Amino acid sequence: MTGIRLTAPAPGWAIDADVVVVGSGVAGLTTALRCAAAGLDTVVVTKAHLDDGSTRWAQGGIAAALGEGDTPEQHLDDTLVAGAGLCDEAAVRTLVTEGPDAVRRLISTGAHFDTTDSGDIALTREGGHHRRRIAHAGGDATGAEISRALVGAVREAALHTIENALVLDLLTDAEGRTAGVSLHVMGEGQHDGVGAVRAPSVVLATGGMGQVFSATTNPPVSTGDGVALALRAGAEVSDLEFVQFHPTVLFLGADSEGQQPLVSEAVRGEGAHLVDGDGVRFMLGQHELAELAPRDIVAKAITRRMLDRGAEHMYLDARHFGAAMWEQRFPTILAACRSHGIDPVTEPIPVAPAAHYASGGVRTDLRGRTTVPGLYACGEVACTGVHGANRLASNSLLEGLVFAERIAADIAEARPSRTEPANGPGAWDAPVPLPAPETRAAIQRAMTRGAGVLRSADSLAAAAEELEALHRDAADDAEGASGAKAVVPGVDAWEVANLLLVSRVLVAAARDREETRGCHWREDRPDRDDAHGRRHLVVRIAPDRTPVVHRTETAAFPPVRPSD
């Protein structure tokens, strides 16, 4: 344990359970349903409403070898290529072999995917895939349909859910094993204010951390809460430097901030072209798959073209689809574009890269176990080794599905006993100083300038300096050294504390990786260095709150348990 926790009041209420699942996307709700089906007393904690996570925003679909002629081996090959030498092959093999049946079980739960005239699941292609293996729903509303089905199943099973609750810190017993979580419920209800769910198994399924950047496709709730909690609890995180920037996000202006509308990769999968201001298709000759190259390659090509042309964005041209195809296949994207004054039926769509997906996260094994006993992680918050240096399109929903089932099976088999928390608020003398809520914009600007699509030693050093200054300012305010009042604990301050911690760790890893690999693009180190770079960067937080970066000896992850 690090002895680090957020500044927060002592819990005013507590409930007991066998499992607490934090998050309500595909990973969290699948875990919860499987745990409950195994007879475990399961509580779901979610930051907003059950359907407000990243899953419902997923447009493209879920990848699995479901089509005629496709095989898990082909899916594995495409995933390994996209991962740029850093995928854990055992994790990928688990994903692609268990994936098809996991999707079928999702369908049996109530999810309805689009079908062909013959009744088979309709499949499309996305970047990096050599086969049509992306199942979709409602044209471009796959995530919304999966979320609808899982939320409905949770309601039908009458699972105990706590909505509008921000998780704060992990509770542990005297032996350092997981004993639950502290959390803050926003608003009146059965539970209100800071409380605790005491449980011997905690599953983090909190999603991503896109809000560390000024512009992202992630919803406002994606503030890295799970990664920050895990770091404070002493868990290891890995590969946090690999942030995938989606190549085609609707460009709303250079100063636009917050969640930006995504233009799904499936639009390119159906034949849309990337063009510059002169209408030139600049992806031709860049990669054998042209517009369907892996996302890091497309994002880099767009950024290079923007720099060469002095442009703020490029264009995605799908006028040749015609109105009928736009309305039937991509109704969500069509509506989003038109709401911003752009009609893709008659004009190209202005696009630019924006922060989209964290390939790294809390390090786990193939059963979702982290380096803290009793703490699991699943979905985007986790680093299973599946994605390597760059996630293959539409593997994220599948990863959440497959590893959620594995986590539930592990907890059901182990059935650990409940123990008494020994580290609740008040147990330590030095809680994390809380940054002022307005610090959020400063963090996002520093990260966008210094650790965005293009990175260098100089830009990362500048970002690190800005972040450390914000870190010191928070400490000075807490101690009264600055003359300012200490920040009052609350949701805004806790979120900013999480963003600042995650940003500092991400930048520390990005500075250490002196090469270009996958979605980590160092313009001062443009080449891939397999001799030194085919290693994972594992980070812990020291008791003095300093990120400590460790490079693995090989491309394989070390065990999460010394005995494994």
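Since the structure is predicted, the reported quantities are computational estimates derived from the model, not experimental observations. Every heavy atom of this structure was used, including side-chain atoms; hydrogens, water molecules and symmetry mates were not.
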Chemist: Taking all non-hydrogen atoms of both residues, which atom of Thr178 and which atom of Gly374 are closest, and how far apart?
Modeler: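 Between these two residues, the closest heavy atoms are OG1-C, 3.3 Å.
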Chemist: Does Lys47 use its side chain to pair, donor to acceptor, with the backbone of Leu166 at less than 3.5 Å?
Modeler: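 Not confirmed, Lys47 side chain does not pair with Leu166 backbone.
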Chemist: Check Arg449, His471, Arg445 against Glu466 for a side-chain hydrogen bond (donor to acceptor under 3.5 Å, both in side chains) and give me the one that passes.
Modeler: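 With Glu466 as partner, side-chain hydrogen bond (donor to acceptor under 3.5 Å, both in side chains) holds for just one option, Arg449.
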Chemist: Take Ser214 and Glu257 through the test side-chain hydrogen bond (donor to acceptor under 3.5 Å, both in side chains) and record every step on the way to the result.
Modeler: CA-CA 5 Å; Ser214 297; Glu257 295 181 344; 4.6 Å; no
Chemist: Assess the side chains of Ser222 and Gln211: does a donor N or O sit below 3.5 Å from an acceptor N or O?
Modeler: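 No donor-acceptor contact under 3.5 Å links the two side chains.
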Chemist: Inspect the surroundings of NE2 in His49 and state if more than 12 heavy atoms from other residues, nucleotides or ligands are less than 6.0 Å away.
Modeler: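 Counting other residues, nucleotides and ligands, NE2 of His49 stays at 12 neighbours or fewer.
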Chemist: Under 3.5 Å, is there a donor on one side chain and an acceptor on the other for Arg551 and His536?
Modeler: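 Note: Arg551 and His536 side chains miss the donor-acceptor criterion.
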Chemist: Fit a plane to each ring of His313 and Phe251, take the angle between them on a 0 to 90° scale, and name the class: parallel (under 30°), tilted (30 to 60°) or perpendicular (over 60°).
Modeler: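 Ring orientation of His313 relative to Phe251: tilted.
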Chemist: Do any N or O atoms from the side chain of Arg406 and from the backbone of Leu366 form a donor-acceptor pair under 3.5 angstrom?
Modeler: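 The answer is yes, because a donor-acceptor pair under 3.5 Å joins these two groups.
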Chemist: Spell out, as yes or no, whether a donor-acceptor pair under 3.5 Å connects the side chain of Asp365 to the backbone of Arg369.
Modeler: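 Side chain of Asp365 to backbone of Arg369: a pair is present.
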Chemist: Verify side chain to side chain contact (heavy atoms under 4.5 Å, CB included) between Thr161 and Val154, making sure each step is shown before the conclusion.
Modeler: CA-CA 9 Å; Thr161 61; Val154 165; 3.9 Å; yes
Chemist: Is there a side-chain contact between Pro353 and Val298 (heavy atoms, below 4.5 Å)?
Modeler: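 They are not in side-chain contact.
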Chemist: Which value, rounded to the nearest 0.5 Å, describes the distance between Cys35 atom SG and Glu405 atom CD?
Modeler: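 With rounding to 0.5 Å, SG (Cys35) is 11.0 Å from CD (Glu405).
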Chemist: Please tell me if the side chains of Val26 and Leu150 come closer than 4.5 Å, counting only heavy atoms from C-beta onward.
Modeler: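 Counting from C-beta outward, Val26 and Leu150 do come under 4.5 Å.
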Chemist: Could you check if a side-chain atom of Pro421 sits within less than 4.5 angstrom of a side-chain atom of Asp173, using non-hydrogen atoms only?
Modeler: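 No; the side chains remain at least 4.5 Å from each other.
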Chemist: Pair Arg513, Leu460 - check side chain to side chain contact (heavy atoms under 4.5 Å, CB included), show working.
Modeler: CA-CA 11 Å; Arg513 185 168 291 283; Leu460 289 166; over 6 Å; no
Chemist: Can you confirm whether the side chains of Ser201 and Asp18 place a donor and an acceptor under 3.5 Å from each other?
Modeler: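 Short answer, no.
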Chemist: If we ignore hydrogens and angles and just use 3.5 Å, is the side chain of Glu380 paired with the main-chain N or O of Ala358 as donor and acceptor?
Modeler: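 Between the backbone of Ala358 and the side chain of Glu380 there is a qualifying donor-acceptor contact (under 3.5 Å).
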Chemist: Can you confirm whether more than 12 heavy atoms, excluding those of Glu468, are under 6.0 Å from its CD atom?
Modeler: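 Atom CD in Glu468 is packed in, count exceeds 12.
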Chemist: Val44 versus His160: any side-chain heavy-atom pair under 4.5 Å?
Modeler: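 No; the side chains remain at least 4.5 Å from each other.
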Chemist: Would you please indicate if the ring centroids of His387 and Phe242 are separated by under 6.0 Å?
Modeler: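 No, too far apart.
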Chemist: Looking only at atom types and distance, does a side-chain atom of Ser256 sit under 3.5 Å from a main-chain N or O of Ala254, one as donor and one as acceptor?
Modeler: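 Judged by distance alone, no pair lies under 3.5 Å.
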Chemist: Which pair of non-hydrogen atoms, one from Val381 and one from Leu204, has the smallest distance, and what is that distance?
Modeler: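 Closest approach of Val381 to Leu204: CG1-O, 3.3 Å.
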Chemist: Give the intermediate values and the outcome of side-chain hydrogen bond (donor to acceptor under 3.5 Å, both in side chains) for residues Thr217 and His356.
Modeler: CA-CA 5 Å; Thr217 63; His356 182 57; 2.6 Å; yes
Chemist: For Leu50, does its backbone N or O pair with a side-chain atom of Ser24 as donor and acceptor, under 3.5 Å?
Modeler: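 Side chain of Ser24 to backbone of Leu50: a pair is present.
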Chemist: Under a 3.5 Å cutoff, is there a donor and acceptor pairing between the side chains of Thr332 and Asp140?
Modeler: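 The answer is yes; a qualifying pair exists.
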Chemist: Please find the pair of heavy atoms, one from Gly400 and one from Cys378, that lie closest to each other, and give the distance.
Modeler: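 That would be O-SG, 3.6 Å.
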Chemist: Do Leu168 and Leu229 touch side chain to side chain, with heavy atoms closer than 4.5 Å?
Modeler: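 In short, these two side chains do not touch, never coming nearer than 4.5 Å.
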Chemist: Take Glu163 and Arg155 through the salt bridge (Lys or Arg N to Asp or Glu O under 4.0 Å) test and state the conclusion after the steps.
Modeler: CA-CA 13 Å; Glu163 296 181 279; Arg155 300 285 194 210; 3.8 Å; yes
Chemist: Side chains of Gln244 and Asn390 only: does a donor on one sit below 3.5 Å from an acceptor on the other?
Modeler: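 On atom types as modelled, these side chains qualify, holding a pair under 3.5 Å.
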Chemist: Checking Thr516 side chain against Trp521 main chain: does a donor-acceptor pair fall under 3.5 Å?
Modeler: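 Between the backbone of Trp521 and the side chain of Thr516 there is no qualifying donor-acceptor contact (under 3.5 Å).
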Chemist: List the steps and the verdict of side-chain hydrogen bond (donor to acceptor under 3.5 Å, both in side chains) for Thr216 and Gln259.
Modeler: CA-CA 5 Å; Thr216 177; Gln259 186 178 10; over 6 Å; no
Chemist: Could you give the distance from OG1 (Thr546) to CZ (Arg540), rounded to the nearest 0.5 Å?
Modeler: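 Separation between the atoms: 15.0 Å.
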Chemist: Shortest non-hydrogen contact from Ala510 to Arg522?
Modeler: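 Smallest interatomic distance, heavy atoms only, reads O-NH1, 3.1 Å.
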Chemist: Between CG of Leu250 and OG of Ser339, what distance do you get to the nearest 0.5 Å?
Modeler: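 Here the interatomic distance stands at 8.0 Å.
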Chemist: Charged N to carboxylate O below 4.0 Å: is that the case for Lys300 and Asp296?
Modeler: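 Looking at Asp296 together with Lys300, the answer is yes, because their closest N to O distance falls below 4.0 Å.
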Chemist: Between Met447 and Leu506, is there a side-chain heavy-atom distance shorter than 4.5 Å?
Modeler: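 Leu506 reaches Met447 side chain to side chain.
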Chemist: Does Ser182 use its side chain to pair, donor to acceptor, with the backbone of Asp169 at less than 3.5 Å?
Modeler: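 It does hold such a pair.
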Chemist: Atom CD1 in Ile62, atom CG in Leu398: separation rounded to 0.5 Å?
Modeler: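 With rounding to 0.5 Å, CD1 (Ile62) is 5.0 Å from CG (Leu398).
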Chemist: Please give me the minimum heavy-atom distance between Ala233 and Val372, naming the atom from each residue.
Modeler: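 Residues Ala233 and Val372, closest heavy atoms: O-CG2, 3.9 Å.
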Chemist: Side-chain contact test, heavy atoms from C-beta onward, threshold under 4.5 Å: evaluate it for Asp512 versus Val539 and give yes or no.
Modeler: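 No, too far: nothing below the 4.5 Å cut-off.
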Chemist: Should Val432 and Arg545 be marked as a side chain to side chain contact (heavy atoms under 4.5 Å, CB included) after you check the CA-CA gap, both sets of side-chain angles, and the distance that decides it?
Modeler: CA-CA 9 Å; Val432 172; Arg545 307 189 190 99; 4.0 Å; yes
Chemist: What distance separates Thr371 OG1 from Glu236 CD, expressed to the nearest 0.5 Å?
Modeler: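 The distance works out to 4.5 Å.
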Chemist: Are Ser456 and Asp458 linked by a side-chain donor-acceptor pair shorter than 3.5 Å?
Modeler: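 No donor-acceptor contact under 3.5 Å links the two side chains.
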Chemist: Measure from the side-chain N and O atoms of Thr303 to the backbone N and O of Ala299, and report whether any donor-acceptor pair falls under 3.5 Å.
Modeler: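 It does hold such a pair.
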Chemist: Exactly one of Asp410, Val21, Val202 should register a side chain to side chain contact (heavy atoms under 4.5 Å, CB included) with Tyr376. Which one does?
Modeler: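 When Asp410, Val21, Val202 are each tested with Tyr376, the side chain to side chain contact (heavy atoms under 4.5 Å, CB included) holds only for Asp410.
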Chemist: Before you tell me yes or no, could you show the steps for Val22 and Val203 under side chain to side chain contact (heavy atoms under 4.5 Å, CB included), namely the whole-Å CA-CA distance, both residues' side-chain angles and the distance that decides it to 0.1 Å?
Modeler: CA-CA 6 Å; Val22 187; Val203 183; over 6 Å; no
Chemist: If you draw the axis of the six-membered ring of Tyr357, does the NZ or CZ of Arg391 fall within 45° of it and under 6.0 Å from the ring centre?
Modeler: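 Geometry flag: set, cation within 6.0 Å and 45°.
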Chemist: Looking only at atom types and distance, does a side-chain atom of His246 sit under 3.5 Å from a main-chain N or O of Thr248, one as donor and one as acceptor?
Modeler: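 Judged by distance alone, yes, a pair lies under 3.5 Å.
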Chemist: Taking the side chain as every heavy atom from C-beta outward, state whether Ile15 and Arg198 have any pair of such atoms under 4.5 Å apart.
Modeler: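 Ile15 does not reach Arg198 side chain to side chain.
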Chemist: Over all heavy atoms of both residues, which pair between Thr370 and Ala377 is shortest? Give the atoms and the distance, please.
Modeler: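 Reported closest heavy-atom pair: CG2-N, 3.9 Å.
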Chemist: Is the number of heavy atoms from other residues, nucleotides or ligands within 6.0 Å of CG (Asp255) greater than 12?
Modeler: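 Atom CG in Asp255 is not crowded, with 12 or fewer foreign heavy atoms closer than 6.0 Å.
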Chemist: May I ask you to say whether Arg440 pairs ionically with Glu495, meaning some side-chain N is under 4.0 Å from a carboxylate O?
Modeler: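 Yes, this pair counts.
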Chemist: To the nearest 0.5 Å, tell me how far Thr42 OG1 sits from Leu33 CG.
Modeler: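 Answer for the OG1-CG pair, Thr42 versus Leu33, is 9.0 Å.
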